[in-house]
*Asks:* 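Structure incoming, see below.
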Amino acid sequence: MTGKPDQNQAKAGRITISVDAMGGDAGPAVVVAGIAMSADKNPDIGFILHGPAEQLKPLVAKKRILEGRVEIRDVRDVVTMEDKPSQVMRNGKGTSMWSALDAVKNGEAGGAVSCGNTGALMALSMLRLRKLPGVNRPAIAILWPSLNPQGFNVMLDVGADVKADAEDLLQYALMGTSYVRNSMDIACPRVGLLNVGTEEHKGSAVLKEAHALIAENAAQSNYEFTGFVEGSDIPGDTADVIVTDGFTGNVAIKTGEGTARVMRTALREAFEFSFLSKIAALLAMTSLKRLSKRMDPRRVNGGVFLGLNGTVVKSHGGADAMGVSAAVKLAFRLAEHGFAEKLAARVASAGAHTQDDTAPARRGRPPKKIKIGRQSNDATRGSCWHRTLSPRTGG
């Protein structure tokens, strides 16, 4: 039942995902149910499951789809939501979270998934996997439902670090575009820098400096910089990647979650208001289910830690089986595309470009002409038309 993935799965050509079974609010039963859903949908995935063996073995045994596809690593301790990251870094070696990350570090798994304490997971990830050379601050990237053809935008940072200088924001742009290319198959992502307005004279000195840096790197790094964007553009179709600092990003996602709850409650109350409204709800049931599915946060559960020597996906602590399965699917997809290696190459290339100061205009040569315009909203657009940065109208 629990044969080692590095033996059984290698024969089947499977990609192994390392899963912390103990971090979620609902306990390991939900995590095991989630990986079983993933296993049922994807024959190319295997698992290393970390936690107390006496709890995990009976749960795994109940899921026939997991037979021969799970190795259980018996670890006794658990990182709780109340634990401080500093304490976990000093005393967390015997925890399921530490063990899950070590499987990635040792090359046994293509990525790690945990529903546990976000601060502790980031701290341990930096301790065990280390930051990529040239990365000052790792970032957490999340998917946000949007009007774009792919259905989602990527926003980062959403809470890895509350601070970010101009160089950090440039690195977020580079890491975000690499993430979009590998998770959404968009060859030339559009990048927007979150600000209080779209005009170039607005915002802090840090944002203005970041605006210039991101614009300068657009051609070399093959993305389109759309300039400053506002909060209303986060779910819009202006950009595929929204760049901001961790403080602003965290406030934004929690505001979005709260607004979504209010809308769901208000919609339910409206349809239950009277007999006629209940009939209207029945008539609109198909459309309402379609809307609910599109907006279901479980489908996009999972924030990716970018800037590390390995792939780590943070699942929501209160995720159900569907949410855990979505986080596992994301980790699998990134591992399948060799995302960690591609991201390292992208960051290293941009760092060398900045250090060598190879911009043509600085060597006395005229800059290359930049074509103005935007290509069609095709989710598989393959070329990049970089635009000059004229400010958008509006507040």
*Asks:* Between Ala252 and Trp144, what is the shortest heavy-atom contact and its length?
*Replies:*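 Closest pair (atom of Ala252, atom of Trp144, distance): O-CH2, 3.3 Å.
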*Asks:* Which heavy-atom pair separates Pro28 from Leu56 by the least distance, and what is that distance?
*Replies:*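 That closest heavy-atom pairing would be CB-CD2, 3.7 Å.
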*Asks:* What's the separation between atom OG in Ser315 and atom CG in Asp320, rounded to the nearest 0.5 Å?
*Replies:*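 These two atoms lie 9.0 Å from each other.
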*Asks:* Looking at Asp168 and Arg137, is any side-chain nitrogen of the basic one under 4.0 Å from a carboxylate oxygen of the acidic one?
*Replies:*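 Salt bridge: yes.
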*Asks:* Parallel, tilted or perpendicular: which one describes the rings of Phe228 and His211, with boundaries at 30° and 60°?
*Replies:*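 If you compare the ring of Phe228 with that of His211, the planes turn out tilted.
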*Asks:* Please check if the side chain of Ser277 supplies one atom and the backbone of Ser274 the other of a donor-acceptor pair under 3.5 Å.
*Replies:*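 Yes, the answer is positive, given that a donor and an acceptor are paired below the 3.5 Å cut-off.
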*Asks:* If we ignore angles and hydrogens, is there a donor and acceptor under 3.5 Å between the side chains of Thr226 and Thr238?
*Replies:*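 No.
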*Asks:* Side chain to side chain contact (heavy atoms under 4.5 Å, CB included) between Asn217 and Phe225: does it pass, once the steps are laid out?
*Replies:* CA-CA 9 Å; Asn217 278 268; Phe225 183 44; over 6 Å; no
*Asks:* Classify the side-chain pair His50/Ser99 by whether it contains a donor and acceptor separated by less than 3.5 Å.
*Replies:*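 Yes, a side-chain donor-acceptor pair sits under 3.5 Å.
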*Asks:* Answer yes or no: is there a donor N or O on one side and an acceptor on the other, between the side chain of Asn106 and the main chain of Ala103, under 3.5 Å?
*Replies:*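 Absent.
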*Asks:* With no hydrogens and no angle check, is any side-chain donor or acceptor of Ser325 less than 3.5 Å from a backbone partner on Ala321?
*Replies:*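 A pair under 3.5 Å: no.
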*Asks:* Quick one about Asn153 and Asp240 (side-chain donor to acceptor, distance below 3.5 Å, no hydrogens or angles considered), yes or no?
*Replies:*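 Distance-only check fails for Asp240 and Asn153.
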*Asks:* Give, for atom CE of Met89 and atom CG of Leu124, the distance between the pair rounded to the nearest 0.5 Å.
*Replies:*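 Here the interatomic distance stands at 7.0 Å.
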*Asks:* Would the distance check show the side chain of Lys131 and the main-chain N or O of Gly307 forming a donor-acceptor pair, the cut-off being under 3.5 Å?
*Replies:*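 No, the answer is negative, given that no donor and acceptor are paired below the 3.5 Å cut-off.
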*Asks:* Minimum heavy-atom separation for Val243 and Leu169, please, with both atom names.
*Replies:*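 Scanning both residues, the minimum pair turns out to be CG1-O, 3.5 Å.
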*Asks:* Is there side-chain contact between Asp245 and Lys163, with heavy atoms separated by less than 4.5 Å?
*Replies:*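 They are not in side-chain contact.
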*Asks:* Which heavy atom in Ile15 sits nearest to a heavy atom in Ala335, and how many Å separate them?
*Replies:*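 Shortest heavy-atom contact: CG2-CB, 3.9 Å.
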*Asks:* If you round to the nearest 0.5 Å, how far is CZ of Phe339 from OG of Ser178?
*Replies:*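 Taking OG in Ser178 and CZ in Phe339, the distance rounds to 4.5 Å.
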*Asks:* Given Val229, which of Ile242, Val191, Asn195 fulfils the side-chain contact (heavy atoms from CB on, under 4.5 Å) condition?
*Replies:*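 Going through the options one by one, the only one that passes is Ile242.
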*Asks:* Quick one: do Ile48 and Thr16 satisfy side chain to side chain contact (heavy atoms under 4.5 Å, CB included)? Show the steps, please.
*Replies:* CA-CA 7 Å; Ile48 303 175; Thr16 299; 3.6 Å; yes
*Asks:* Treating Thr248 as the side-chain partner and Thr244 as the backbone partner, does any N or O pair qualify as donor plus acceptor under 3.5 Å?
*Replies:*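 No, the answer is negative, given that no donor and acceptor are paired below the 3.5 Å cut-off.
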*Asks:* Please determine, by modelled atom types, if Thr95 and Asp77 share a side-chain donor-acceptor pair under 3.5 angstrom.
*Replies:*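 Judged by distance alone, the side chains do not pair up.
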*Asks:* Just so I know, are the side chains of Val113 and Ile17 near enough to count as touching, which here means a heavy-atom distance under 4.5 Å?
*Replies:*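 Yes. Closest side-chain heavy atoms under 4.5 Å.
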*Asks:* Would Val251 end up clustered with Met155 when hydrophobic side chains under 4.5 Å apart are linked, directly or stepwise?
*Replies:*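 Looking at the clustering, Met155 is in a separate group from Val251.
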*Asks:* If hydrophobic clusters are built from ILVMFWY residues whose side chains come within less than 4.5 Å, do Val75 and Val70 share one?
*Replies:*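 Different clusters.
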*Asks:* Is any side-chain heavy atom of Cys115 closer than 4.5 Å to a side-chain heavy atom of Val324?
*Replies:*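 Yes, their side chains come closer than 4.5 Å.
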*Asks:* CZ of Arg69 to OG of Ser38: how many Å apart, nearest 0.5 Å?
*Replies:*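 Atom-to-atom, Arg69:CZ and Ser38:OG are 9.5 Å apart.
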*Asks:* Could you tell me whether the side chain of Asn117 and the main chain of Ala120 form a donor-acceptor pair under 3.5 Å?
*Replies:*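 Answer holds: yes.
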*Asks:* How close do Lys63 and Ala33 get, heavy atom to heavy atom, and via which atoms?
*Replies:*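 What the structure gives for the nearest pair is CE-CA, 4.2 Å.
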*Asks:* Are the side chain of Asp74 and the backbone N or O of Ala53 linked by a donor-acceptor pair below 3.5 Å?
*Replies:*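 Such a contact is found between Asp74 side chain and Ala53 backbone.
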*Asks:* Rounded to the nearest 0.5 Å, what separates atom CG in Asn250 from atom CD1 in Ile140?
*Replies:*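 Here the rounded value is 8.0 Å.
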*Asks:* Would you say the side chain of Leu121 lies within less than 4.5 Å of the side chain of Met97, judging by non-hydrogen atoms?
*Replies:*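 Side chain of Met97 against side chain of Leu121, heavy atoms only: contact under 4.5 Å found.
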*Asks:* Does the side chain of Arg181 come within less than 4.5 Å of Ile186's, by heavy atoms?
*Replies:*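 No, their side chains stay 4.5 Å or more apart.
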*Asks:* Can you tell me if Tyr172 uses its side chain to pair, donor with acceptor, with the backbone of Ala141 under 3.5 Å?
*Replies:*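 The answer is no, because no donor-acceptor pair under 3.5 Å joins these two groups.
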*Asks:* Report the C-alpha distance between Met126 and Leu308 in whole Å, list the side-chain angles of each, state the deciding distance to 0.1 Å, and finish with yes or no for side chain to side chain contact (heavy atoms under 4.5 Å, CB included).
*Replies:* CA-CA 7 Å; Met126 288 194 291; Leu308 302 170; 3.8 Å; yes
*Asks:* In Å, rounded to the nearest 0.5 Å, how long is the span from CG of Leu213 to NZ of Lys208?
*Replies:*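 Those atoms lie 14.5 Å apart.
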*Asks:* Check Val180, Thr177, Ile142 against Val154 for a side-chain contact (heavy atoms from CB on, under 4.5 Å) and give me the one that passes.
*Replies:*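 Of the listed residues Val180, Thr177, Ile142, the side-chain contact (heavy atoms from CB on, under 4.5 Å) partner of Val154 is Val180.
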*Asks:* Judged by atom type as modelled, is there a donor-acceptor pair below 3.5 Å linking the side chain of Glu230 to the main-chain atoms of Ser232?
*Replies:*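 No; zero donor-acceptor contacts below 3.5 Å.
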*Asks:* Donor-acceptor check, side chain of Lys342 to backbone of His337, threshold 3.5 angstrom: yes or no?
*Replies:*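 Here the side-chain-to-backbone pair exists.
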*Asks:* Among Arg128, Arg73, Lys93, find the one that has a salt bridge (Lys or Arg N to Asp or Glu O under 4.0 Å) with Asp102.
*Replies:*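 It is Arg128, the one option of Arg128, Arg73, Lys93 that forms the salt bridge (Lys or Arg N to Asp or Glu O under 4.0 Å) with Asp102.
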*Asks:* Would a 4.5 Å heavy-atom cut-off, applied to side chains only, mark Lys314 and Val304 as touching?
*Replies:*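 No; the side chains remain at least 4.5 Å from each other.
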*Asks:* Check step by step if side chain to side chain contact (heavy atoms under 4.5 Å, CB included) holds for Ile45 and Arg14.
*Replies:* CA-CA 5 Å; Ile45 192 169; Arg14 291 175 181 150; over 6 Å; no
*Asks:* Is the CZ atom of Phe247 crowded by more than 12 outside heavy atoms at less than 6.0 Å?
*Replies:*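 No.
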*Asks:* Is the shortest distance from a Lys or Arg side-chain nitrogen in Glu336 or Arg333 to a carboxylate oxygen in the other one below 4.0 Å?
*Replies:*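 Between Arg333 and Glu336 there is no salt bridge, as every charged N stays at least 4.0 Å from the carboxylate O atoms.
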*Asks:* What closest approach, in Å, do Asp20 and Ser96 show between heavy atoms, and which atom pair accounts for it?
*Replies:*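 Where Asp20 meets Ser96 most closely, the heavy atoms are OD1-OG, 2.6 Å.
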*Asks:* Between Asn148 and Arg190, is any pair of side-chain heavy atoms under 4.5 Å apart?
*Replies:*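 Of all side-chain heavy-atom pairs linking Arg190 with Asn148, at least one is under 4.5 Å.
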*Asks:* With heavy-atom distances below 4.5 Å as the criterion, would you say the side chains of Leu343 and Met175 are in contact?
*Replies:*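 Side-chain contact under 4.5 Å: yes.
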